[in-house]
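If you're wondering where the values come from, they're calculated on a predicted model, not measured in any experiment. Note that the numbering runs from 1 along the sequence shown for the chain.
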Amino acid sequence: MIRATELTDAAYADAVKPVRNAMRRFAYRSIFDALLYFLNLPTNAEKPADARRLPWVAENLIVYLLRDEPRQYGNGIADQNTVRDMIGLCWQRMDSLVAGKMEIENLTLFMRSAMLPQAPHQFGLNPTAFTRQIAIAQKLEKNSILYLAMCQAARMPLEDFFDLAMMAWRQTTEDRPWFSTEYIVNLGNIVGHEKASRFFGVISHSMPILQTAYRKTVRDISVDELFQPTLLYRTPCIQLEAVTVPIGRPALRRFFETFIADQVEQHSDIRVRQSWEKNIEKYALEVTQGLSMEVLGDTAIRQRFGIARDQKCCDVALITEDTIICVEVKSKSLSAKLPAAASSRDMIRSLKATVISADQQLLSVARAIRSSPDRALTIYSLIVTSTDLYLGSADDLLSSEWADDQLLRPIIMSLDDYDRLVEGHRLSKFDVVDVLSEYVARVSAKPHSLRSLSHMLSEDRYSIATPEHLQQVFMNRVRAVEKLAMRD
């Protein structure tokens, strides 16, 4: 953890002043365009050289520019050498600030803060996360409150939005991932100019609009932004004279890959938020169908272990001859509302309604199992969140009552991890119980490691491609997009 009393918002603002002053030697658009070009360079997450470019620092520089008045800038011409110099200066200032002011209370949360900004730049496309939204949306009733709310956010029918999103999402793999006026006009000829205009109105904004939006926060500048991943992913593209440009490939990818979760979490209607959580709970149960183990939903779990309606329960239970895996799904994603740099107390407060609530639900179920005829079963408990929260083993955030009762603490994972875990077991590539057993052993050996189950599942022997049911959804959407393109 980094104490707020030590690493203050004011200290952060002072630390970046020399960086902002250095950028002001150049023409505003010149340094802005140079940074956009840098952020959209072809990348390869497997090459350490890409990480050494520090692209996440360039995102901070874009934010500083948007907060500034263009008239404060000079006439110098910026190039890629300029960008590297500004990134180097900014990195140096940030490093000195953190090294000089930090006070580590929780090593795991500190490591999380250090790696979060880098994470989106270390990984490429995430077809699983992107496609899962489509798979869930396809099963929504067209007059349901969740479907209608998402159509309103997308400014068009959700199916049409995902068709266009597929085109734009795939564009991030191109050497030149931006959208020229010609591209947008041609797209309008295919899907209708009004629909194309609405789509780009959702994903992109003009320079004046972005400047206004980010200047509103200049007095509320928070040191937490120093550690937030893809700072501008909620406004992932900027409209320039003849081209619409992503503010970095990861920003645009993340916008699409978490579109529904982001819209739901900020929605004012609790019915929308509850509906989304119910739908991802339903998804978590559906993907387990056909596994070589007994699968129970909420009602069946209560009946099996004598859990009353007024007692806490979980969403799914997977039972083998000697093991039970209890699963609780929560709609919680890695949004800006979740602190990137926080104490254990602040993190618990932010996760109270989701991860902490799931912890208590699973503890209640585990105790019920211990009091049932199935008491001899080894119990694993999983907290599944919408996206990876990068909490590691998170032991300091979970109840100490697990250890008091001699029970294994829950493992926190994303829906991506859960999907891969289930798919690997279905394909007989590994046994899910063996995976969980090995992970628990690893965490016990290194209790403060940030290594999550996601890291272990990325190892060759556990690596799984996009699950088959999502591959089918993905390819159906690709074919739909290709069919659309043939209309031109």
From CA spacing to verdict: ring-ring contact (aromatic ring centres under 6.0 Å, His included), F161, F199
CA-CA 7 Å; F161 176 81; F199 176 74; 5.6 Å; yes
In terms of relative ring orientation, are Y73 and Y28 parallel, tilted or perpendicular, with 30° and 60° separating the classes?
perpendicular
By the salt bridge (charged side-chain N to carboxylate O under 4.0 Å, His left out) test, which pairs, at least two apart or in different chains, include something from residues 470-481?
D163-R477
Non-neighbouring partners of [X] that pass side-chain hydrogen bond (donor to acceptor under 3.5 Å, both in side chains), sequence neighbours left out:
X	answer
S206	none
N21	R24
Y283	D419, H469
N81	R84

Have [X] and [Y] got a donor and an acceptor in their side chains that come within less than 3.5 Å?
X	Y	answer
T258	Y233	no
E59	H121	yes
D79	T82	yes

For R234, which residues count as a salt bridge (charged side-chain N to carboxylate O under 4.0 Å, His left out) partner, sequence neighbours excluded?
none
Any side-chain to backbone donor/acceptor pair from Q211 onto D68? Under 3.5 Å, distance only.
no
Does Y462 have R420 sitting over its ring (NZ/CZ under 6.0 Å from centre, angle to axis within 45°)?
no
If you round to the nearest 0.5 Å, how far is OH of Y214 from CG of L66?
7.0 Å
